[in-house]
Amino acid sequence: MNGREIPQWLSDAQRYEPRADRDGFLDRTILGLSALCARMASSREKPADLVRVSPEIMILSLLLVVLFISLSRGFTFVSIVMAAELAVLSSLDAERILRSLKTAASAAAFAACVMFPSLFLSGPAPFAAITLKTCASVTALSILSGVTRWDTLTEGMRILPVPGIFILVIDITVRYISLLGDLAVEMFRALKLRSVGRNEDKRRSLAGIAGGVFISSRGMAEDLYAAMACRGFSGEYALRRWRRISLPDVFFITADAGLIALFVIYGGII
Amino acid sequence: MHIPDNYLSPSTCAAMTAAMVPVWALSAYKVRKELSLSRVPLLGVAAAFTFLFMMFNLPLPGGTTGHAVGGVLVAVLLGPWSACVAVTVSLLLQAAVFGDGGILAFGVNCFNMAFVLPFSGYAIYKTVRSLIPSRAGEYAGIAIGSYLGLVLASLFAAIEFGVQPLLFRDEGGLPLYCPYPLTVSIPAMVIPHLAVAGLAEAAFSVSVAAFIRKTSPGTIRSGAKEHPAIIYALVSLLALLSPLGLLAAGTAWGEWSAREISTVVTGGAPLGFVPSAMEHGFSFKAPVPDYALPDVPETLGYILSAVAGAAVLVIAFKLLSYALKRRMKTA
């Protein structure tokens, strides 16, 4: 063809074996982010909340539990809360149980690390108390986030006297974490694919990814805010009218009353 | 019937555990084969049932206490292999966390309560059912099966206790482990179980079986209507009622601590010595001994132990079923 021949160097078999790259951290980051995105996406698609309780009542109950746990003295009240949490967990499906237990275990492990020196300063009681309290509080939180959708929770906050700006920020954050996560995953994947052999410069590219995500997020946020402003959003969330109290609500409120009674009796304060 | 450590010689424990190993292996195999993965969590509920049943201590004639097990009930509902797994797991939780039943004696306790009890009870249930094929025959089968199953299990425990002084004595002729011969242990264990605990087991089993059959038949037969909420409500109710088990104040026969045993009166005279193995033997410190949490009032601690124990069993089997499902998906 055209009298030209394939040059010798092109037809030679090449034996280029790139050195193995140390990109374990990249894989882990990609996997972690993808899992988070998938979870956020599935949480948006979840057809209904597991518990048909008004979100504001659930949020108030959670605050009550966390407050009482931190105020209580001794182990009695924390033991009660932990037993109740185990009972609630046992009624959930395995995936949610696993997620809650993982979250609680990592929080407890972190608390144990932080409290470790106190073992030598003031004995095992404060060490055990703080670790258990952390574990109980985080479990309560992860149960709540496991059984309700993110937007239900922000809806609950709208009814509570939470300043509008916080709800706006949380709302947008929750909605955009998965979008930005997808973006970051794509960039990570591109970085991985384009690194042949050992790429010593990879860590510096991370800054680029962070910057890229930040710039896109700003763009997206501005677009979103502009779109909301065009539709008449003034920064204030309109207070929705109270809906009728349902049977699960009554059950929850009764449980809260029981919690208060248990705290008064076993909290160790009075 | 939870034999503590140091009542039986380590060789007895080893022999009985060795006898249990093939039973456990076969049970695990049969459960995997017969029970669909989505029904594995039911095993956890069954284990929770037996765990709670065993917390209801009843005062027995002779000043001791005893309890139902519920193993035959589970055998009737889910099959004897599942019952073996469920009772084994709840015995493991009791021994490892609550100090109820010894660690060395775990295999022996499993032999009595997870093997003899469900399998003999199930065989009797099947026989009665084939003789009387009506609905009444079924309940009669459950009642007779659970009654005789529990009595048989207590007989086995009594024999294990009773052979110890025949086999193991120190240089001075004093028994090293359980000091009571067969002539004492068999009547002391079997008569109270014949008179009270067996009846309680039969009553518990029949009423729970009837309740489940009426409210949530799908729990037993696949395809029928299923109401897991009702089963959970029943488990919660049992947990909340568990402090009734504290009303029986005595110690169960053969479960005394080393401090108690020398004052136990048998045949008009106290024992007067502590068998040497109980003083110097293996000792395991359970995290929550006797279902009592530190600084927590007794009744509340008992309820919390019941709730947490039952919940842990349900959670464990849910996670197991999840793990098995995932393994099947990837395989």
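Residue numbers begin at 1 in each chain, while the letters A, B, ... track the order of the sequences.
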Student: Could you tell me which portion of B:Pro41 (side chain, backbone, both or neither) has an atom closer than 4.5 angstrom to a non-hydrogen atom of chain A?
Tutor: neither
Student: Count the heavy-atom pairs under 4.5 Å between each of B:Val45, B:Leu304, B:Ile303 and chain A, then report the option with the highest count.
Tutor: B:Leu304
Student: Enter the distance from A:Leu101:CG to B:Ile315:CD1 here, rounded to the nearest 0.5 Å.
Tutor: 6.0 Å
Student: Count the heavy atoms belonging to other residues, nucleotides or ligands that lie under 6.0 Å from CZ of A:Phe251, then report whether that count exceeds 12.
Tutor: no
Student: Heavy-atom distance under 4.5 Å to chain A: side chain of B:Leu300, backbone, both or neither?
Tutor: side chain
Student: Which region of B:Val312, side chain (C-beta onward) or backbone (N, CA, C, O), has a non-hydrogen atom less than 4.5 Å from a non-hydrogen atom of chain A, or is it both or neither?
Tutor: side chain
Student: Before you tell me yes or no, could you show the steps for B:Val307 and A:Leu86 under side-chain contact (heavy atoms from CB on, under 4.5 Å), namely the whole-Å CA-CA distance, both residues' side-chain angles and the distance that decides it to 0.1 Å?
Tutor: CA-CA 8 Å; B:Val307 171; A:Leu86 274 176; 5.9 Å; no
Student: If the cut-off is 3.5 angstrom, what donor-acceptor pairs do you find between chain A and chain B?
Tutor:
unit_1	atom_1	unit_2	atom_2	d
A:Thr76	OG1	B:Asp295	O	3.2
A:Ser90	O	B:Tyr232	OH	3.4
A:Ser90	O	B:Lys318	NZ	2.8
A:Leu92	O	B:Lys318	NZ	2.7

